[in-house]
Each structure stands twice: as C-alpha cells, then as structure tokens.
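Everything numeric in this text was worked out from a predicted model, so none of it was measured.
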Amino acid sequence: MEKRLFLAFFLTLIFLLVWGRFMTPPPAPLSETQEQKIASTEEPENIPIDKRNPKTDLEVQTSLEELPQAQFENLFITYSTTGGYIEAISIDNPSNVLPFRKIGFAPGDEDKKYEAWVGPRSLVFRTQDGAEKEFVFDRYRLDIKLGPTPPSSIVLFYNILQDSMLDQRYQEIFYSHDQSIKRTNPKKLKAAAYRNVSFAGSRERYYCFSLFRGSYDIEWAVGQSGQGQLQLLSPESQISMYVGPQTSKSLQEYDLQGIIYYGFFHAIGMMMIKLLYFFYSVTKNWGLSIIGFAVFIYGCLFPFTMKSTKAMRKMQDIQPELEALKVKYKDNPQKFSKEQVALFKEHKVNPIGGCLPLFFQFPIFIALYQVLFRFVELKGASFLWIQDLSLPDKAFALPFKIPFLGNYLNILPILIMIVGLIQQKVTTSKSSSSEQKSMGLFFSVFLGVIFYNFPSALVLYWFVQNLLTFAYQLRISKTSPLKCSLAS
C-alpha cells in the first residue's frame, strides 16, 4: 500500500510541474488576419491590416539609464523625447521594470523631436509646431491625451518577453468582448486585428496593462523575437488604461477583475485569497497569514486524515498475511491478486483509503500553487530570515553552485526533508519491506529537491502541513502498539 501511496504523490508532483504548461485549459488563440472591409457588428471580428511600416516594429531599448526619468508617487517613468512616448514604467522601485514598453508611441513619429515638461501628475510632450501629447498619472490609472487631432493609430504598449523562463510562463496577451476573455501566450501570438472589443491588454506574473472598458478597434502585431505590440486604431482624443498590480481590490475599481485567472481551480484560488487576507487582517504579517491558512486547511481535512490513518493501520495489521501470500503465490500472479482481494474483503480494508487526504489536498495545492506564484502582496514581504516570500528563502549565499539547485542555501526545503526522514523512521512499521522503506527515504529527499527553488510562501505552507501531520502521527504511534504509516 505504501508503494502505491508514494507513487501517487510522485505522480502528483510531476503533474504539478507540468500543470501550467499542459493541463490548464488552453487559451483561445487570437484569430489570424483576414482581408475584409470594416463593417458594423456586435461581435469582435478581424479587420484588415495594411502592410507594416518597418519603422513601427521598434527595437526595445535594452538600456534605460541614458533616458530621462520622472516619478509620480510609486510610479517611476522612463521616457523618450524623440518620438514622445513612455519607454518603461516601474512600480514601487526603479528596478521593478514592467514588460510593457513604448507606451503611447505614434507610428511615424520615431524621428520627431519633442520637448518635455514634468508636472505633479502629468508628463507633457510638445513639438515646435504646437503638437502636444500628455500622459496623466492617477495611481494606477494612466490617461493619454492626444489633442483634437489624434493620429490614425497609437501603440498602447510593446510587450517584451522577460528574461526568466518562469516569468515568461506567466505572461499572457488578452482581449475581451462582453464577459468573454480570450487569452494566449505571447510566444504564440499571431498578427491580427479586431473591432468592437471591450478591453485588451497583457499581464505578467504580478502586474497587468489594460484598456478601460469601452469599444475599441485594436491590432496585434508580432515584432522581433516574437514580442507583441498592441496598437489602438482610430483612437479618441483621450485613452484611459490601467497599469498596476493584479489585485481584485485595484481592478474592481475599473471593472477589470476578470483579468485575474488562476486556471482550472480559479474559484478555489479566489476563496484562498479571501482567507489569506482574513488571516493577514489578524496577524499583520503574510508569513503568519500563510501559517494560519495552513492550520485552517489542515483542520478542515483532519476528519479525512483520521479516516486515512485507520485505513493505513488496517493495512499494516494484515501486512504479514499479505507477505505470506506473496511468497506462496510468487509464481502465480493471477492467484495472488485473487487471494489479495479476498484478504482485503475479509478484513474490510480499502486499499485506497490511505490516499483519501491526497484527493482533497490535490486541488487545494494546485490552486495555492497558482495563487502564491501570482500573489503580488508577497512580493518583498519578509518573514523571519526570509526576505521575500515570493522567492526561495535564500538563507545563506554559497561560495559554489549546486547543480539544479543554485548558489543559495534554502532552509525550508531542507527542513521538509528532515521532517520527512524522521517521519519515515518513526512511523514506518517493522513489517514494512526494505523496498518500501527505501522508497520512503527517497521520496523525502525528492520532495525537498522539488521544493528547493519554489517560492518560500508555498514551501512554508507545505512545511506546516507536514509538521502538523507528523505531530498527529507521532501521537498515534505512541498510543498504539502498532505504528501507523501516514504520508502527508
């Protein structure tokens, strides 16, 4: 039975690692361009794209140091007076550069010279002939004022791919009509244009860029290296958009909360966020909030854990008889299977009863995995020795690099390994085979390796769950002559 349980956990972790890539519902791809006339319709449809001007596919500035900068509250703006646009936006600190670039660039203006004025809440560009463009900042709201004669199109942003493969995984292009949101990975983006969309934009792991709700004609273009570019066709004299964190509180103000999406278990993820906020309101610390959340989930699943414990104890009770059957029918697998089923029926043993908590933990852990990887509140949040709960705990820097693990010593995954090894030592019965014991030891180490570079918030949750499970196992093993075996 233990072998099956460990195999189930192993397959669960493998599933978790490929979840975001293969198992989440695939986003509907953006349609390819069709050559047709613009017609009035209630549904978003393709509209023709003229042959591209090579100058509109701009090279993304790799160095921002030489460009002028301005600050508006917690927004740090890097802008260009050649072309009159925002090159980059950073939130909270200048190093936190968002992947939304070339904001407000008008095709054909790449050589046009502007003078810039920085006000308390606005950045104004003006040419010698009186042409003017103004960017107004109000927290996470950005208004672009184009004057009485706006250009035929304007680049809302140039979506660049981030350096980290993990961060690239969470980048997404989207557009919406009514309540339906179409999403696609930027690497799969194809040149297309649509009319009458409600809003459109892009998001990454923590932040997003989106038009406010309205009715727009937009064009997606694919630039160099597969980078996407969103243009607004026939813009109004003022364009309003959201540039900020992906939090329900911030996005609800503009009716854009539908941008947030946690995959197949989205509903569970949203409930988790409410619970995390509740515990934070009590503890005022996100690390303590995660611990409180872990204890709450453990309490909710405890009845199933008790039932699983009883099932595992029954399995250990009949282990000697099961081993005898294996020896007796080692040359007759079919007969062994038949006698095994009869033995289970005689002792009223459910062979999958020990896996019961796993089936309830699985959707919870998958949803939590998605939530904690995107939960912007954890970015920069500290707890004990952990400087950033959105990253591995990085307790100590190492003078060398460990293959597949990195050059930091992460304590939480090591603690998970230690608890797992002690757990196997204390709770494994003497009747267990050497193969089962070896598999248990291997799984304890394997689990620590898998979690080694995960965000410390997720590892902290798993560690608390394991610790609580181990404490319960220890109490049961001391009050029973038979030591129980319960995987966490």
Heavy atoms, side chains only, cut-off 4.5 Å: are [X] and [Y] in contact?
| X | Y | result |
| --- | --- | --- |
| Val155 | Leu230 | no |
| Ser240 | Leu211 | no |
| Leu412 | Ile386 | yes |
| Ser250 | Pro245 | yes |
| Asp143 | Asp138 | no |
| Leu156 | Met241 | yes |
| Phe100 | Ile89 | no |
| Tyr140 | Val243 | no |

Just how far is it from atom [atom1] of [X] to atom [atom2] of [Y], taken to the nearest 0.5 Å?
| X | Y | atom1 | atom2 | answer |
| --- | --- | --- | --- | --- |
| Leu368 | Ile297 | CG | CD1 | 8.0 Å |
| Phe199 | Ser176 | CZ | OG | 3.5 Å |
| Glu87 | Leu67 | CD | CG | 6.0 Å |
| Gln465 | Leu460 | CD | CG | 11.0 Å |
| Leu275 | Ile290 | CG | CD1 | 12.5 Å |
| Asn410 | Asp393 | CG | CG | 4.5 Å |

Legend entry - Gln71 side chain vs Glu73 backbone, donor-acceptor pair below 3.5 Å: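 Yes: the side chain of Gln71 pairs with the backbone of Glu73.
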
Legend entry - Gly84 backbone acceptor or donor facing Lys133 side chain under 3.5 Å: yes

Inset, instruction - Begin with the C-alpha distance, continue with both residues' side-chain angles, and end with the deciding distance and a verdict on ring-ring contact (aromatic ring centres under 6.0 Å, His included) for Tyr175 and Tyr194. - result: CA-CA 9 Å; Tyr175 76 88; Tyr194 302 88; 4.5 Å; yes

Legend entry - Residues, nucleotides or ligands: over 12 heavy atoms within 6.0 Å of Gln238 CD: yes

Legend entry - More than 12 heavy atoms from other groups under 6.0 Å of CZ on Phe302: yes

Could you check whether the rings of [X] and [Y] sit parallel, tilted or perpendicular, using 30° and 60° as the cut-offs?
| X | Y | value |
| --- | --- | --- |
| Phe454 | Phe451 | perpendicular |
| Phe373 | Tyr170 | parallel |
| Phe157 | Phe209 | tilted |

Inset, instruction - Mark yes or no: Lys102 above the aromatic ring of Tyr85, with NZ or CZ under 6.0 Å from the six-membered ring centre and no more than 45 degrees from the axis. - result: no

Legend entry - Any pair counted as side chain to side chain donor-acceptor pair (under 3.5 Å), so long as it reaches residues 264-291, sequence neighbours left out: Tyr277-Glu377

Could you check whether [Y] and [X], counting side-chain N and O atoms only, form a donor-acceptor pair closer than 3.5 Å?
| X | Y | value |
| --- | --- | --- |
| Arg203 | Gln246 | yes |
| Tyr206 | Asn96 | no |
| Gln128 | Lys113 | no |
| Ser153 | Gln231 | yes |
| Ser202 | Asn159 | yes |

Inset, instruction - Check the pair Phe72 / Leu123 against side-chain contact (heavy atoms from CB on, under 4.5 Å), numbers first and verdict last. - result: CA-CA 10 Å; Phe72 303 94; Leu123 173 63; 4.3 Å; yes

Inset, instruction - Output yes when Arg126 and Glu132 qualify as a salt bridge under the 4.0 Å nitrogen-oxygen rule, no when they do not. - result: yes

Inset, instruction - Identify whether the distance between the nearest side-chain nitrogen and carboxylate oxygen of Asp167 and Arg169 falls below 4.0 Å. - result: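 Result for this pair is no, no salt bridge flagged.
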
Inset, instruction - Start with the C-alpha gap between Leu232 and Asp217, add the side-chain angles, then the distance that decides, and say whether side-chain contact (heavy atoms from CB on, under 4.5 Å) holds. - result: CA-CA 6 Å; Leu232 182 61; Asp217 295 340; 5.9 Å; no

Inset, instruction - Go through the steps to decide whether Phe125 and Phe135 satisfy the test ring-ring contact (aromatic ring centres under 6.0 Å, His included), and finish with yes or no. - result: CA-CA 8 Å; Phe125 294 99; Phe135 295 80; 5.8 Å; yes

Inset, instruction - Applying side-chain contact (heavy atoms from CB on, under 4.5 Å), run through Ser390 and Phe375 and close with a yes or a no. - result: CA-CA 8 Å; Ser390 69; Phe375 200 46; over 6 Å; no

Legend entry - Candidate pair Val222 and Gln229, rule side-chain contact (heavy atoms from CB on, under 4.5 Å), full reasoning: CA-CA 6 Å; Val222 181; Gln229 177 179 284; over 6 Å; no

Inset, instruction - Run the numbers on Lys187 and Gln171 for side chain to side chain donor-acceptor pair (under 3.5 Å), then give the verdict. - result: CA-CA 9 Å; Lys187 294 180 180 179; Gln171 288 187 263; over 6 Å; no

